[in-house]
Amino acid sequence: MKAGEIVENDKGFVAEIRQIIDESRQNAVRSVDFCRVQMYWNIGKRIFEKEQQGKQRANYGTYLIRNLSKQIMPEYGSGFSVRQLERSRQFYRLYPIASTLRTQLSWSQYKLLIAIPDKDKREYYELEAVNEGWTGRQLERQINSLLYERLLMSNDKEAVLAVARGERQPERPTEIIKDPMFLEFLGLERRPAYYEKDLEAAIISHLADFLLEMGKGFSFVARQKRFLVEDDEYFIDLVFYNRLLRCFVLIDLKTRKLTHQDLGQMQMYVNHYDRNEKAEDENPTIGILLCTSKNDTAVRLALPENNRTIYTSKYELYLPTSEQLIHEINEAKRLASLKEPGDENV
């Protein structure tokens, strides 16, 4: 065997060892995280059981937790404060069966989940955190951006939960595409105007976060995808593929209000992909125009009544407050109720 071949073999061997070490470390971290989850669950169980024994005494539960925290926090630290012990009790009450605890979730993620009072909403985030491998930060971001509520804008509750449970796959673009979309993670400065190339560059720099906001099944294909129509050059800002919908997804970025010319241009992009890029067994290409504002009535008039390929979504560069988000969602629901039957444009 030549020296060069030995070196190449050594590289592969070292890479394998590194993979073993990395996987073992990740498993160890997950194991420690889940041990912490089990610890708080068992503490919550014992607090609840002890509390029930003294239920005839007024405010016994409050006394029990405060006294317990006073006794153990000096020895074990702030992880056993009154608030944490109250969380433990609530944790056990929401998840009374130990076998239902998910090894993929950490205590920090369970803390976010038990703060959600709505059972269906909590189940959705729990399932998606496991299915999509969300980190604690990603789960918090999805909750704060009202992902569940935004999906309900174009779908019913049972459909959203069925997808999260793995009982069905999304069949229509409106089951995945969100309107509005929140791009606060791009970190763009607050200023009156910016260029589309700046927005595109920021998205590429934060591609993982953008894919998270895009939703299930998206993978990145290309940016500034060039194609020719006779002697004229055209460039598609971003190209993705969605494995659930089994189609290409083209995105055109606009840093202004949407116009009917933008819709016409996107239709040309979609037609090009359908005729030159799409395989026979793939579904028709989808085009999404991301814009700062739009006239939904004008959009519906500019597109065919049976439109299933061109979609619009307003984006926000800054995450609004919960009140503003709820107002935005309610307004979108109001506008959606004005759509004619069969109109799926978002």
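For the numbers below, each heavy atom of this structure counts, side chains included, while hydrogens, waters and symmetry mates do not.
Here the side chain of Asp262 pairs no donor or acceptor atom with the backbone of Cys291 at under 3.5 angstrom. Between the side chain of Glu132 and the main chain of Ala129, no donor-acceptor pair closer than 3.5 Å is present. For the pair His206 (side chain) and Ala202 (backbone), a donor-acceptor distance under 3.5 Å is present. Looking at Asp237, its side chain does come within 3.5 Å of a backbone N or O of Leu253 through a donor-acceptor pair. Judged by distance alone, the side chain of Asn283 and the main-chain N or O of Leu245 form a donor-acceptor pair under 3.5 Å. Remark: the backbone N or O of Leu289 is not paired with any side-chain donor or acceptor of Thr312 at under 3.5 angstrom.
Contact check on Arg18 versus Glu16 returns no salt bridge, with no Lys/Arg side-chain nitrogen under 4.0 Å from an Asp/Glu carboxylate oxygen. Between Asp179 and Lys294, at least one side-chain nitrogen of the basic residue sits less than 4.0 Å from a carboxylate oxygen of the acidic one, meeting the salt-bridge criterion. In this structure, Asp120 pairs ionically with Lys157, as a charged nitrogen and a carboxylate oxygen lie closer than 4.0 Å. For the pair Glu200 and Lys197, the salt-bridge criterion is not met [side-chain N within less than 4.0 Å of a carboxylate O]. Under 4.0 Å is where a charged nitrogen must lie from a carboxylate oxygen, and between Glu128 and Arg165 no such pair does. With respect to the salt-bridge test (charged N to carboxylate O, under 4.0 angstrom), the residues Asp281 and Arg246 qualify. The existence of a salt bridge linking Arg137 and Asp209 is confirmed by a sub-4.0 Å separation between a basic side-chain nitrogen and an acidic carboxylate oxygen. Salt bridge absent: Arg300 and Glu305 never bring a charged side-chain N and a carboxylate O closer than 4.0 Å.
A donor-acceptor contact under 3.5 angstrom links the side chains of Asn271 and Gln267, judged on distance only. Counting only N and O atoms by type, the side chains of Gln90 and Arg93 include no donor and acceptor under 3.5 Å apart. Between Glu126 and Tyr95, the side chains place a donor N or O and an acceptor N or O closer than 3.5 Å (distance only, hydrogens not considered). Defined by atom type and a distance below 3.5 Å, a donor-acceptor pair is present between the side-chain atoms of Gln19 and Glu23.
In this structure the side chain of Lys254 never reaches within 4.5 angstrom of the side chain of Thr292, judged on heavy atoms. Two residues are said to be in side-chain contact when any heavy atoms from C-beta on lie closer than 4.5 Å; Ile236 and Phe227 meet this criterion. At least one side-chain heavy atom of Ser145 sits less than 4.5 Å from a side-chain heavy atom of Arg150.
Paired with Phe248 under the rule ring pair (Phe, Tyr, Trp, His ring centres under 6.0 Å), one option of Tyr269, Phe218, Tyr241 passes, and it is Tyr241.
Classified by interplanar angle (parallel below 30°, tilted 30° to 60°, perpendicular above 60°), the ring pair Trp134/Tyr125 is tilted. Ring geometry for Tyr92 against Trp41 counts as perpendicular: the plane angle is over 60°, on a 0 to 90° scale with 30° as the lower cut.
Remark: Phe80 CZ to Gln84 CD distance equals 8.5 Å, nearest 0.5 Å.
Atom NZ of Lys111 has more than 12 neighbouring heavy atoms from other residues, nucleotides or ligands inside a 6.0 Å radius.
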